[in-house]
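Just the heavy atoms: all of them, side chains too, but no hydrogens, waters or symmetry mates, feed the values below. Just so we're on the same page: letters track the sequence lines, and every chain starts at 1.
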Protein chains: 2
Amino acid sequence: MAEEIGERAQHLLKVLVESYIRNGQPVGSRLLARDSGLDVSAATVRNAMADLEELGMVSSPHTSAGRIPTNKGYRMFVDSLLTVKPLTDREIMTLNDQLGGDGSNQELAASVSDYLAGMTEMAGMVMIPRTAKRSSLRHIEFMPLSDQRILAILVINEKDVQNTVIKVDRQYTTVELQQAANFLNSELVGRELFDVRHRILKELRETKDGMEQMMHQAISMAEQVFEQPASKSNADDFILSGQTRLMGFEELSNMEKLRGLFEAFNEKQEILQLLDSCLGGDGLQIFIGDESGYGVLDECSMVTSSYQVDGEVLGILGVIGPTRMAYERVIPIVDVTAKMVSAALAQSK
Amino acid sequence: MAEEIGERAQHLLKVLVESYIRNGQPVGSRLLARDSGLDVSAATVRNAMADLEELGMVSSPHTSAGRIPTNKGYRMFVDSLLTVKPLTDREIMTLNDQLGGDGSNQELAASVSDYLAGMTEMAGMVMIPRTAKRSSLRHIEFMPLSDQRILAILVINEKDVQNTVIKVDRQYTTVELQQAANFLNSELVGRELFDVRHRILKELRETKDGMEQMMHQAISMAEQVFEQPASKSNADDFILSGQTRLMGFEELSNMEKLRGLFEAFNEKQEILQLLDSCLGGDGLQIFIGDESGYGVLDECSMVTSSYQVDGEVLGILGVIGPTRMAYERVIPIVDVTAKMVSAALAQSK
DNA sequence: GTTTAGCACTCTACTATTGCGAGTGCTAAC
DNA sequence: GTTAGCACTCGCAATAGTAGAGTGCTAAAC
């Protein structure tokens, strides 16, 4: 079980995976012996294959087909055998162009997602977690709607706007709301959303005893606004593009599975959870096949990376594609993209 | 060509289409003779089929399969042969529950789309055209962003909010923006967007000679805000749900076509154009197969209806599914839904 | 003239059957 | 430890045969 894998076996595994990724065909011993560059016979390769199979690195679809990598085999491949293929200057420039705009974070995310999808010819995704710490409040504003509903408008981070409808106990006049907003602005503008949510409002409330009625009410409103895990804003912070490209891969031609996958994309919920779990481990992460624990990603792999400013993780981006993907190309693409998004964000701060 | 179709042939066509919709199998003469209820032999039916085939109403996949309806056959079926199956009270109540909420139009549309998708087990869609006349402006507000960019917030129709970023020639202070907003609010609040866009701003500008500099600038800003056919707000007014259900239909199991269809869903552009063209003809409309002129809808039909208040068309809703769909059920669903949405909107006005 | 029965014909879908090629695992020799 | 040789297995493609469904046509019946 815990046996070591010989150097030659490792090399053979590497060549096998590369060949399989390229051609999508099970790799036989003869071909592998020739392509490996080693001066060994097919029979020797067969022995090595038998060992690798015992270790669960490869398997044969049937008796007389060659071997294909298992998920474990892919894992070993990406962990220690892979030689990545750096991006060309041209490719990096294209990315730079995409990042140039001065749109909102939403637009930036959409553009990055497109880039990832385009470069890898798979599906690209970008997540901007709602809990991002670097978001600071720039302005808050209330507007009366009909009945006892109030529209709250948050401007966050120079660029992003978020609307929330809250319900209150009575009707308020425009002037009252103006006062409430003034009060909240004076207390909250410039603060980070995370702090507002978790600390500041509580502090305010605790010192409320000596406060006017109005301020008290203002705090109640703010609590409603910031507490909402509003499904809407939740949905907006995950951008996926190029999903349809996944329909082109034979390994995903099973309609049942494909449908499950697309439903997961629509729900977003599961995928978001998975990405959330990436927020901790910084840098590049790879989920191969069902490693993620989500059945719908059975035949898929995800390559993700966090992007960050000043060492603080702001979000996750990456791609989804078939397990049999060109990792040596996809990995640097995701990696460089994450780094450049980080840089772009740091600059526009 | 312009030959009349005999009564019996019509009846046979009706039974044939119904049978094919139910079973998805080509219908042979023997079966058709039995199911038609007529007291005729299979041979007679065969003669009638030969006539219908000549008229382009049916065709056979191959020599020894039965007949299936052509698009023209479906067209005749839905136009003059169909007997619709009214909704049960229970089904109507479900719809009523969905409409009960007091959310924004976006939320209402999403919920209606879900309902349509759920009831028909196909894809549901709801369009709220940007040009809807009944939208009246409730409030406008400016907020300075970095550089020379300004965030404009429009509150429309009690419920909906729209954000637009505009660029201006210099930096403005919060106070200046407040003044501009005040001016615009006094002039524009309560007006319909359509009027604002097409008339009022022009009138204001024409009488501007005697105006302050500030008002002049305010009008310029407003023009930017209202003129934008902003791709973003454009995308938001079309809601589609249950697309993945379409993957379950055999007639759409061709991956190429399916992919094309889903790409069209993502682009939205083509579909929106098509729906736009429904805005004119009021009431229920049906596109069968490629009648729409859009290749991606080849094997699909769309059943749509406009919804309206006080005789004014506000938008389009409907479903998309395979050409072989249960029209007698789908049509009343779409029809009733449109009527009830109309009623709900009239009520919440 | 319309309707019907009869019949030869066509085409698909299903089921063996076969042969080929690829690749394996094992054994024995190097 | 490595290699060559060899029997064996399996999938795949081609072929052929069969059964079933349904047609078109013709000639007779109404």
Side-chain angles (χ1 to χ4, degrees), chain A residues 3-13 15-20 22-70 73 250-251 253, chain B residues 3-13 15-20 22-70 73 250-251 253:
Chain A
E3 253 183 272
E4 267 311 306
I5 304 180
E7 190 134 344
R8 187 169 62 195
Q10 285 198 11
H11 178 75
L12 285 172
L13 178 59
V15 177
L16 182 144
V17 175
E18 283 169 353
S19 168
Y20 181 67
R22 221 182 4 261
N23 308 314
Q25 297 289 330
V27 189
S29 53
R30 191 157 26 240
L31 184 71
L32 191 50
R34 181 155 56 70
D35 285 5
S36 69
L38 302 177
D39 197 16
V40 293
S41 76
T44 310
V45 171
R46 280 203 282 279
N47 288 330
M49 284 302 108
D51 295 347
L52 285 175
E53 185 150 18
E54 203 162 351
L55 290 168
M57 296 291 180
V58 299
S59 71
S60 4
H62 56 83
T63 324
S64 89
R67 303 301 213 289
I68 60 175
T70 61
E250 310 147 41
E251 43 263 81
S253 56
Chain B
E3 252 184 272
E4 267 313 304
I5 303 180
E7 191 134 344
R8 187 169 62 196
Q10 286 198 12
H11 178 74
L12 286 172
L13 178 59
V15 177
L16 182 143
V17 175
E18 283 168 353
S19 168
Y20 181 66
R22 223 181 5 260
N23 308 314
Q25 297 290 331
V27 188
S29 54
R30 200 168 4 253
L31 184 71
L32 191 51
R34 184 155 52 71
D35 285 5
S36 68
L38 303 176
D39 198 16
V40 293
S41 77
T44 310
V45 172
R46 280 203 282 279
N47 288 331
M49 286 301 108
D51 295 347
L52 285 175
E53 184 150 17
E54 203 162 350
L55 290 168
M57 296 291 181
V58 298
S59 71
S60 9
H62 56 84
T63 325
S64 90
R67 302 303 213 289
I68 60 175
T70 60
E250 309 144 41
E251 43 262 83
S253 55

Does some side-chain heavy atom of A:Met49 sit less than 4.5 Å from a side-chain heavy atom of A:Leu16?
yes

Could you pull out every donor-acceptor pair under 3.5 Å between side chains of residues 61-68 of chain A and any protein atom, sequence neighbours left out?
unit_1, atom_1, unit_2, atom_2, d
A:His62, ND1, A:Ser64, N, 3.4
A:Arg67, NE, A:Glu53, OE1, 2.9
A:Arg67, NH2, A:Glu53, OE1, 2.7

For B:Glu251, all residues meeting side chain to side chain contact (heavy atoms under 4.5 Å, CB included), sequence neighbours excluded:
B:Phe249, B:Pro322, B:Arg324

Determine, for nucleotides 14-23 of chain C in 5'-to-3' order, which nucleotides have protein heavy atoms under 4.0 Å from the base (write B), from only the sugar-phosphate (write S), or from neither (write -).
-------BBS

Rounded to the nearest 0.5 Å, what separation is found between the CG atom of A:Asp51 and the CG atom of A:Leu12?
10.5 Å

Please enumerate all residues that pass side chain to side chain contact (heavy atoms under 4.5 Å, CB included) together with B:Thr70, with sequence neighbours excluded.
B:Ser59, B:Lys72

How close do B:Gly73 and B:Leu13 get, counting heavy atoms only, and between which atoms?
O-CD2, 4.3 Å

Near DNA chain C, counting only heavy atoms under 4.0 Å, which residues of residues 35-45 of chain B show up?
B:Asp39, B:Val40, B:Ser41, B:Ala43, B:Thr44

Residue pairs fulfilling side-chain hydrogen bond (donor to acceptor under 3.5 Å, both in side chains) with at least one residue in residues 29-40 of chain B, sequence neighbours excluded:
B:Ser29-B:Arg46

Just to verify, what does B:Asn47 make a side chain to side chain contact (heavy atoms under 4.5 Å, CB included) with, not counting sequence neighbours?
none

Going 5' to 3' along DNA chain D, which nucleotides are the first and last within contact of chain A (any atom under 4.0 Å from a heavy atom)?
D:dT2 to D:dG11

Both A:Met49 and B:Arg8 contact DNA chain C. Which one's nearest nucleotide lies toward the 5' end?
B:Arg8

Gap between atom CD of B:Glu18 and atom CZ of B:Arg22 - 0.5 Å precision:
6.5 Å

Given that A:His62 and B:Ala50 both sit by DNA chain D, which one's nearest nucleotide is further toward the 5' end?
A:His62

Not counting sequence neighbours, which residues clear side chain to side chain contact (heavy atoms under 4.5 Å, CB included) with B:Thr44? List them please.
B:Arg8, B:Val40, B:Ser41

